[in-house]
Every structure is written in structure tokens, then in C-alpha cells.
Amino acid sequence: MDINIEKRAARITVTCAGRLDVASAKEFESTLEPLIRESEQQVVLDFSHLEYISSAGIRSLLFLMKTASARSAAGETHNLLPFRLIQASPAIRQVLELSGLLETFSSGFRAAPGTVAKQGRTYADLLPLLRSAFPSPVSDTDADKQFVASIANGLEQIDKLKTGHPYLGMREPIDYNRARSLQVPETMSGVAETVAGIAEYMQGGFIWSHPRTQENVVPPTSVPSIIGNLFGAIYNPNIISDEYSYRVGLAEIEAAAMCATLVGYDPERAAGFCTFGGTGTILYGVKLGLEKACPGTFSRGVHERAKLVASSAAHYAKINVPGWLGLGTDSLVTVPTDADNSMDLAALEKILRNLLDRGEKIAAIIATMGTTDAFGMDNLQYIAGLRDSLAAEYKLSYQPHIHADAVIGWAWSVFNDYDFDANTLGFNPRALRCLWDTQVNISALSRADTVGIDFHKTGFGPYVSSMILCKNRDDLNLISRDIGLMPYLFQFGNYHPGVFTLETSRAGGSVLAALANLKLFGKEGYRGLLGHLVTMSEVLRRRLDEHPAMCQVNDYNYGPVTLFRVYPDGINAKAVFYDELNNPEAAESLRRNNEYNRKIFDELHRQMEQESGFALSVTAHYRTAACGEPVLAIKSFVMSPFIEEQHMQGLISCLEKARQSVSY
Ligand SMILES: Cc1ncc(COP(=O)(O)O)c(C=O)c1O
């Protein structure tokens with residue numbers, strides 16, 4: 001008999017060929033016994049080439065079983081043998097069967113595992129419970145009702161948490177240490193109990209549609225977008241390819257076409273697809289730019305130095321992205337901003353010329369179209385013109401890529417064809433002026449090579465739903481992989497974005513949510529919604545303007561976010577703040593009033609949690625003043641369609657109350 005031993009990572013395979021009889025039994029035993037006695041891995045006896053087994057062979061197998069028992073007597077295993085037999089021929093199976101050994105040797109279990117659990121439920125008991133945890137695969141009135149009732153039950157529990165505060169339920173201290181000690185439960189729970197337990201985690205969370213929630217650029221989510229997301233959650237389409245997404249892939253193409261037209265791209269040439277957040281859109285944009293500047297980076301890695309250029313007000317993804325792409329965070333060149341939080345264009349030109357003079361490559365220029373803090377907008381029209389002229393002047397072999405980070409500002413594109421003279425939606429002059437000002441900037445989006453859009457920001461969809469738009473879909477060839485490298489995918493269908501996406505799994509729910517909102521709102525709805533938010537922000541700005549002890553600090557930005565500072569009685573806020581911002585000697589006053597505004601913010605936070613206050617936020621470093629100190633500002637970000645003028649009056653009253661209770 002030939003015995004061949006192959007050691008693999010997880011097992012040892014012993015292939016036996018020929019006859020296992022009295023002549024070969026001793027050799028078989030002496031080869032196998034030490035393996036079974038000592039090996040950490042399972043020993044698999046492959047009998048596919050064994051022609052015959054005699055009773056001596058059977059005795060050898062029993063001897064090996066005894067060896068295994070000695071191992072388990074030493075407390076190593078329970079019922080599971082450290083060896084198992086596979087691929088025996090029918091004749092050999094028959095011999096083993098007649099000897100009563102087939103089941104043991106082929107299952108690898110000394111005795112059949114108990115079919116009745118000693119305690120608790122058997123697997124058979126669990127199966128109906130497991131099935132009831134899923135929506136029914138076929139239309140089944142009772143199961144469907146149960147599913148809807150479970151959702152309704154969950155919503156009802158959350159509804160009970162609405163108390164009038166801008167957050168759900170109670171805000172109690174959170175015990176993170178206890179959370180860190182938790183383990184997976186031993187037993188299964190029911191659907192209702194689990195839903196109740198999950199609802200508990202919503203305690204304390206902000207209600208983004210609440211008119212007193214003005215915390216950040218987090219939107220309330222529309223009913224159709226919630227349902228789109230829910231469909232995704234139930235049927236789990238993955239838009240890697242239309243094999244798994246079918247018409248949800250079509251929804252992605254439709255949403256991309258709508259957005260492409262909205263920003264002024266030619267939808268025939270453009271392409272767009274959803275990705276993992278605004279940061280993801282920047283990652284894609286810069287990656288494409290890097291490939292253009294340094295061809296072959298995708299396959300060879302980063303082999304040339306290349307710079308990323310963005311403003312000081314750009315989102316911190318400008319640091320993450322070069323870090324993660326291997327360019328290094330040091331490759332970021334930061335352009336200072338003007339008072340309106342847009343790139344200082346003279347400084348930009350100087351920086352670009354410097355880089356080009358030194359022979360440096362430019363991976364990408366990020367133009368921020370709606371900054372995180374203040375809704376500042378870069379002058380994209382000018383930036384694109386500058387890029388074109390420098391590329392020609394320096395005879396560059398590539399066009400430095402421009403990525404428009406419009407994850408906040410993109411939605412204002414709906415005003416591109418709004419008739420501001422006719423003003424059919426009847427916005428008041430202050431709001432109209434704000435909308436027009438923003439639209440002038442956002443209308444330049446078509447000059448960018450890629451545009452990032454977040455539906456989970458100003459699209460009013462649930463997290464996470466972002467889209468990267470490419471002006472020229474051929475650019476995607478720069479990051480595409482050979483389809484043959486993924487032999488288990490793309491077997492049929494005609495839409496295979498997984499060939500170029502970073503992600504393997506992309507949630508269909510986010511696409512359905514995005515498309516639902518584009519269809520629900522249309523240009524009219526988005527205009528009305530954004531117009532309302534800006535109208536309400538203008539109410540606040542007017543009141544801050546009128547108040548002697550308060551001032552807006554981002555007073556050139558015309559979006560839904562207002563940054564402001566308050567001062568004690570007797571201080572002329574506008575004059576003092578102007579001095580603090582521009583006077584190199586004003587450090588002491590700035591520091592003191594930063595501290596005062598921090599205390600005001602803490603008091604506002606207390607009012608929000610304990611009384612009928614507002615959920616606002618604070619930025620510790622809105623910008624750097626002439627004296628080198630950071631400017632702290634309190635922030636109102638209006639995202640709720642439920643907000644009314646009276647709420648802004650209420651906010652001023654809360655500020656007044658805070659001013660009275662905080663010491664200077
Ligand atoms: C201007 C800007 N760009 C990018 C991002 C990053 O987006 P996300 O949080 O979806 O990754 C943000 C986030 O607030 C942002 O404000």
C-alpha cells in the first residue's frame with residue numbers, strides 16, 4: 001500500500017492507495033498513530049485510491065480510534081475524532097457499513113451527537129423562530145402583517161420618546177465601561193424584545209426635523225427616502241453589478257444622469273455612482289487626478305511626488321485622502337482663505353506657479369463648494385480658468401484635475417434655471433439675494449472634472465448616500481480592473497460598476513433613497529426647501545444684526561448656516577469683533593471673549609437638555625485672527641422644514657437668557 005502525507009494549513013491529508021490488509025496494516029498504523037496522537041490539525045484519510053480493506057484493516061482503524069480516545073481522555077476533545085475518512089469507494093463503504101463504522105469514520109464523530117439538546121432548545125426548535133426573524137420570501141398575509149406590525153411597534157416605541165425636546169427620550173450619562181464588557185448573548189431573543197432593545201439606543205439622539213435642532217448639516221430624512229432605504233434593507237441589492245441589483249442599478253444611472261444635468265455636465269459623457277460618504281467622493285476625485293498627473297500609479301504605486309491643493313477651509317478629508325492614497329499628508333498645500341471663506345485666488349496662483357516652477361506634479365485641486373463650518377464657496381470659475389491657462393503656459397502633459405467638493409452646496413444647482421426676476425416662489429428680497437449669490441458660485445460646477453454630492457446632507461436623505469460625478473466617464477478607465485480578475489462576478493447583465501469601484505459591496509438602499517428624493521422634490525421642492533432654510537437663517541442674521549451685543553461672523557456666506565458671537569451688555573459687538581479679527585494686538589480681548597462665548601454655549605447646551613432650548617454647535621477655530629489666536633463661534637445650522645420665524649425669535653431669547661446667567 002502507498003501512503004502519501006500532505007501537510008496543509010488546516011489539516012493533514014493522508015492518501016492511501018492499494019490494499020489495506022494484513023500485509024500493510026502495521027505500516028498503516030505506525031504511520032498514522034503518531035499523527036493522530038500528536039497533530040494539532042485534523043487528519044483526513046483520503047481512501048479514494050484504496051482498492052480493498054480486510055478485517056485487519058478494520059482492526060487498524062479501531063486501533064486509531066483508541067489512540068484518539070486516549071487523546072480525549074487527556075481532556076482534549078469531546079466527541080469529535082481528530083481524524084476523518086473521505087472518498088471511500090462503494091465497496092469499502094459497504095465493508096465499513098457492515099462493521100458499523102461508516103458513520104463514525106466519515107462524520108468524524110465517535111458517537112452521533114445528541115439530537116435532543118440536554119438543556120435549552122434544539123436546532124429544530126429554533127428554526128421556526130429563526131424564520132420568523134426574517135420577512136417572508138413569499139407573499140404570506142400573516143407573516144407580512146407581522147413584519148409591518150414589528151416596524152410599527154418599533155416606531156411607536158420611538159414615538160413615545162418624543163417629549164418636546166429637540167432630542168428623543170432622556171439624556172442620561174452614558175456608561176461606556178459597561179458597554180465595553182458586553183458579550184454576544186448565548187441564546188436567541190424574539191423580534192419584539194430585540195426591537196424594544198434597539199429602540200432604547202435612540203434615547204438622547206437629536207430629532208433633526210425639530211425646529212429647535214440647528215446643530216449641523218444633518219438633514220431630516222423624507223418619507224420616500226426612508227422607504228427607499230428600507231427597500232434596500234429588506235431586499236439587499238448590491239450595486240456591484242446588475243446581477244445583484246437589477247433595476248436598482250438602473251436607479252443609480254437615473255440618479256447620476258439627473259445630477260449630471262443639474263450641475264451642467266453632458267449626461268451622455270458623464271458618469272456617476274454612489275459611494276461611502278463625502279470623504280469617499282474626494283478619495284475618488286483625487287485618485288483620478290493622481291492617475292492623470294502620474295500615470296501608472298494604480299499599478300506601480302506612488303512613484304512620483306504630487307501635490308494636493310485645497311483651501312484652509314476645506315474639509316479635513318483633504319488630509320485623510322492623501323494620507324490614505326499614499327501621497328502623504330505632507331503633500332497637501334493649503335491655500336489661505338478670504339473673509340468670505342473662499343480661496344484667496346492670488347495666493348492660489350502663487351502656490352500653483354511655485355509648484356510648477358519646481359517641476360512638481362499637481363494631483364488635484366479641491367474647490368470647496370460649501371465649507372463645513374460656514375458655507376463658504378470657492379470661485380470655481382476662476383480656478384478652472386487659472387488651471388487651463390497654467391497648463392498651457394507650462395505645457396503640462398496633463399490637465400491638473402479639479403475636484404469640486406460640493407457635498408453641501410450641490411443642491412443649490414436647482415436654482416441654475418430659476419428665474420430670479422420673476423421669483424415665482426415668492427422668496428423675500430433678503431432670501432432671494434442669498435440664493436442668487438450662492439447660485440452664481442454653484443453654476444460653475446460644470447467646470448470641475450469631478451463633483452462630490454451628498455444626499456445625506458442637503459439632499460435630505462438618510463446616511464450614507466453620496467455620489468461622485470465624473471464629467472468624462474472615460475476617466476474611470478484609469479481605475480478599472482481587468483474583468484477577468486474577478487472570475488466569480490459579472491457573468492451576465494450590462495451594468496458592472498464593480499469593475500472600477502473601490503467598494504465590493506455598495507448598498508442599493510442609498511441609491512433608492514437618493515433617487516426617491518430627486519423625484520419627490522424635483523427642482524421645485526428643493527428650491528422651496530432650501531429657500532425656506534435660507535429665509536429662516538436670514539431671520540436669525542437680521543436679529544443678530546439688530547442686536548447691539550451680538551454679531552454674525554460669517555457675514556459673507558449666504559447659506560443655511562450662521563456663525564455668531566455674543567458679548568456682555570455695554571460692549572459694541574460688531575466693533576469689538578471687527579477689532580478682534582483684524583487687530584494684531586487684540587489677542588487678550590479675543591481670548592477673553594472666546595472663553596465667554598464658550599460659557600454661553602455651555603449654558604445654551606444646558607438649556608437644550610433641561611429646558612426648551614436649542615441644539616446648536618460650536619466651532620473652536622472658525623478662523624485665525626490677525627493676532628494669531630483662533631476665533632471661536634457658535635453655530636446655527638438650519639435644516640428643518642418645520643422651522644418658523646418664531647423659533648428664531650426663541651433662539652434670540654435663549655441667547656439673552658444665557659447672557660444674563662453667564663459671568664464675564
Ligand atoms: C465640505 C465637506 N466635505 C466633505 C465632508 C465629508 O463628508 P462625509 O462626512 O460624508 O464623509 C464634509 C462633512 O461634513 C464636508 O462638510
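Residues take their numbers from the sequence shown, with the count starting at 1. Please read all numbers here as calculations on a predicted model, not as lab measurements. Atoms within each ligand, like the ligands themselves, are counted from 1 in listed order. Heavy-atom basis, side chains included; hydrogens, waters and symmetry copies ignored.
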Item checked: Centroid-centroid distance, Y418 to W412, less than 6.0 Å -> no

Item checked: Contact atoms of ligand 1, heavy-atom distance to V407 under 4.0 Å -> 1 (C), 2 (C), 3 (N), 4 (C), 15 (C)

Item checked: Residue T279 vicinity, atoms of ligand 1 by number, heavy atom under 4.0 Å -> 6 (C), 7 (O), 8 (P), 11 (O)

Item checked: Heavy-atom nearest neighbour in the protein, as seen from atom 12 (C) of ligand 1, with distance rounded to 0.1 Å -> H315 CD2, 3.2 Å

Next item on the list: Check ligand 1 against I408 and write out every atom of the ligand that is under 4.0 Å from a heavy-atom position of the residue.
Entry: 16 (O)

Item checked: Note: R247-D242 ion pair, threshold 4.0 Å (strictly below) -> no

Check: Quick one: does D454 get an N or O within less than 3.5 Å of an N or O on ligand 1?
Finding: yes

Checklist line | Protein heavy-atom partner closest to atom 3 (N) of ligand 1 - residue, atom, separation in Å | finding: D405 OD2, 2.6 Å

Check: Can an N or O of G277 be found at a distance shorter than 3.5 Å from an N or O of ligand 1?
Finding: no

Checklist line | D602 bridged to R606 by N-O distance under 4.0 Å | finding: no

Check: Considering only protein heavy atoms, which is closest to atom 16 (O) of ligand 1, and at what distance to one decimal place?
Finding: T372 OG1, 2.8 Å

Margin query: Below 30° counts as parallel, above 60° as perpendicular, anything between as tilted: where do the rings of F420 and F415 land?
Written below: tilted

Notebook entry, point to check: So, W208 and S640: side-chain donor and acceptor under 3.5 Å apart, yes or no?
Noted result: no

Margin query: For the 3.5 Å polar cut-off, considering only N or O atoms, please tell me whether T371 and ligand 1 meet it.
Written below: no

Check: Which residue supplies the protein heavy atom nearest to atom 10 (O) of ligand 1, what is that atom called, and how far is it?
Finding: G278 N, 2.7 Å

Check: Is it true that R447 and D388 make a salt bridge, defined as a side-chain N closer than 4.0 Å to a carboxylate O?
Finding: yes

Next item on the list: Return yes if a side-chain donor-acceptor contact under 3.5 Å exists between N216 and S617, otherwise no.
Entry: no

Next item on the list: Using heavy-atom distances, let me know which of H456, M369, K457 sits nearest atom 14 (O) of ligand 1.
Entry: K457

Next item on the list: Tell me whether the centres of the aromatic rings in W436 and F427 are closer together than 6.0 Å.
Entry: no

Note to self: Please list, in number order, the atoms of ligand 1 under 4.0 Å from a heavy atom of G370.
What the structure shows: 1 (C)

